[in-house]
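Right, one structure below, let's go through it.
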There are 2 protein chains.
Amino acid sequence: MPAAYDSAEKRSELVRAARELLHQRGFHRTSLADVAELARVPLGNVHYYFRTKERLAEAVIRSHEAALRERFELWSKKHADPRKRLRELLRAPLDSSDSVIQFGCPHGSLCQELEKLASGTPLAKAGARLLTVYVDWCAEQFQALGAKPREARALAEQLVSSMQGTMLLAHTMRSRELLASQFRRIEVWLNGVVPKN
Amino acid sequence: MPAAYDSAEKRSELVRAARELLHQRGFHRTSLADVAELARVPLGNVHYYFRTKERLAEAVIRSHEAALRERFELWSKKHADPRKRLRELLRAPLDSSDSVIQFGCPHGSLCQELEKLASGTPLAKAGARLLTVYVDWCAEQFQALGAKPREARALAEQLVSSMQGTMLLAHTMRSRELLASQFRRIEVWLNGVVPKN
DNA sequence: GTCTATAAATTGATAGAC
DNA sequence: GTCTATCAATTTATAGAC
């Protein structure tokens, strides 16, 4: 079915373009015309695939969510040691540090913008789920390391908070050094937490 | 000079209204009409006091900055022990936890929005200065506790990152518990860091 | 299914009377 | 200095031709 194939192709191309622009310029500063242009789709056609700008943003969030779960699954398969899995999580922002410094965390900054721009709506709730996915997965890893459920949850919240706060600060101050040194510190903390007996 | 007094009065009333709305709805979702209404000033009059919406936002940031410096000065006078000063900083978000849960940190969320909405402009740079004020003051306190300049800087970045990340997470997840438990943990960390010999 | 043209709404900014 | 009325621009969303 070539028609359906082309359709799905254009749809995912729109999502890809929107994901990039939402990260770089944010939701408000990204117009549908921008997305259409980057995806090489005529403006009026966007509404055939997505009824509203909000729906397009929701699709972007779902794509982020799928990508996150995919990475988590990959790391779980790659390492038997949960600590090594968490170390991969810590290294990811450093591997794309240019982008983090210039535009912030693609998940955290989107969450924050949607909380202001669309607080209470399904869109903001979808955004919030992104951070939940992080915390839930981290909590699983800490539990696998031997922490009790409540403790694992607290450690997960601490890890995600530290990462998000550091990315916000490093982005705002445009400091790659801050990002690197703080993430190194978090890794040291990670190596010593929930010690094996 | 009663005319000038009324003028200054209206001006500062506009800033007060804008500060409240910027925190609750963010920059983009706050229209000049909203600000004018809350400040009880006719819409067309806003432009007499502030040439553009950006200038109004800059005035809001300056007012945040002044309030921050005032608080820091107060705490410095109140406590000879820098650790006690930093503890006050940690308690402040808990004292206004309802507002933090519902709208996030008034400084951090503004920074993040301006980085997306007005990246590179004087307005975004003014916003970034807010976080710098935090870090600089914290670094001074850690140095007064006996830390070397570089170490004090790193500790300040860690403290501010943890606070900002926690507020982002607690706001996004609407969890007062998360806010309280993580801030308690940060306070425990603070009590043990840079130990007196 | 695809696209052009345009409607509709919001809102920042200004002109000009008083 | 103060305010009303309005302009101008942006952008989401839709109507309708092909």
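Here is the naming used below: chain letters follow the sequence lines, and residue numbers restart at 1 for every chain.
Counting to the nearest Å, the P atom of dG1(D) and the NZ atom of K10(B) are 11 Å from each other. Rounded to a whole Å, the CD atom of E37(A) is 15 Å from the P atom of dT10(D). Distance, L32(A) CG to dA7(C) P: 19 Å, rounded to whole Å. As rounded to whole Å, 10 Å separates atom P of dA13(D) from atom CG of L56(A). Look at CZ on R40(B): it is 18 Å from C1' on dT2(D), rounded to the nearest Å. Atom pair E9(B):CD and dT2(D):P shows a separation of 12 Å (rounding to whole Å applied). Distance, R29(A) CZ to dT11(C) P: 19 Å, rounded to whole Å. For the pair L117(B) CG and dT11(D) C1', the interatomic distance rounds to 15 Å; values are reported in whole Å.
Residue H47(B) has no polar side-chain atom (N or O) positioned under 4.0 Å from OP1 or OP2 of dT14(C). Dashed line: the shortest gap from a side-chain N or O of K53(A) to OP1 or OP2 of dT10(D) is not under 4.0 Å. Applying the 4.0 Å criterion to OP1 and OP2 of dT2(D), one finds that Y49(B) has a side-chain N or O inside that range. Distances shown here put a side-chain N or O of Y48(B) below 4.0 Å from the OP1 or OP2 atom of dG1(D).
Taking 4.0 Å as the cut-off between side-chain N and carboxylate O, E88(A) and K84(A) do not count as a salt-bridged pair. Taking 4.0 Å as the cut-off between side-chain N and carboxylate O, D136(A) and R129(A) do not count as a salt-bridged pair.
Out of dT11(D), dC3(D), dC3(C), the shortest distance to the side chain of P42(A) is found at dC3(C). Distance from the side chain of T52(A) is smallest for dA13(D) among the nucleotides dA13(C), dT12(D), dA13(D). In this structure, the nucleotide among dG12(C), dT11(D), dC3(C) sitting nearest to the side chain of N45(A) is dC3(C). Each of dT2(D), dA13(C), dT2(C) was ranked by its minimum atom distance to the side chain of L43(B); first place goes to dA13(C).
Considering L56(A), V35(A), V60(A), L114(A) as possible partners of L22(A), the one that fulfils the side chain to side chain contact (heavy atoms under 4.5 Å, CB included) test is V60(A).
Qualifying side-chain contact (heavy atoms from CB on, under 4.5 Å) partners for S12(B), counting only residues two or more places apart in sequence or in other chains: none.
The aromatic rings of Y134(A) and F72(A) stand perpendicular to each other, their planes meeting at an angle above 60°, with 30° marking the opposite boundary.
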